[in-house]
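First the structure, in the form of structure tokens, and then the observations on it.
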Amino acid sequence: MSQNETKRHFELRNLDKDMEQASAEASHVNPKEQARRLRSENRFLLLFLVLVIGVSCYLLGVF
């Protein structure tokens, strides 16, 4: 791929603009309320996973 083709590819695909937008979204800070909600959802999912693993082990006769 020559230099002109690479430049043309970036111009056509707007990769620079997409990279700037992705960088801005990645550095976005979550509000405290949203962070608290995500933590509680993660705790629920962890508890659910432990429960599913426990029931699976019980049914397989591990316990």
Check step by step if side-chain contact (heavy atoms from CB on, under 4.5 Å) holds for Asn42 and Arg39. CA-CA 5 Å; Asn42 286 339; Arg39 266 194 306 270; 5.6 Å; no
Can you tell me how far apart CZ (Phe44) and CG (Leu49) are? Round to the nearest 0.5 Å.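 Spacing of CZ (Phe44) from CG (Leu49) equals 11.5 Å.
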Any donor-acceptor N/O pair, Ser23 side chain to Met19 backbone, under 3.5 Å: no
Glu33/Arg37 salt bridge by N-O under 4.0 Å criterion: no
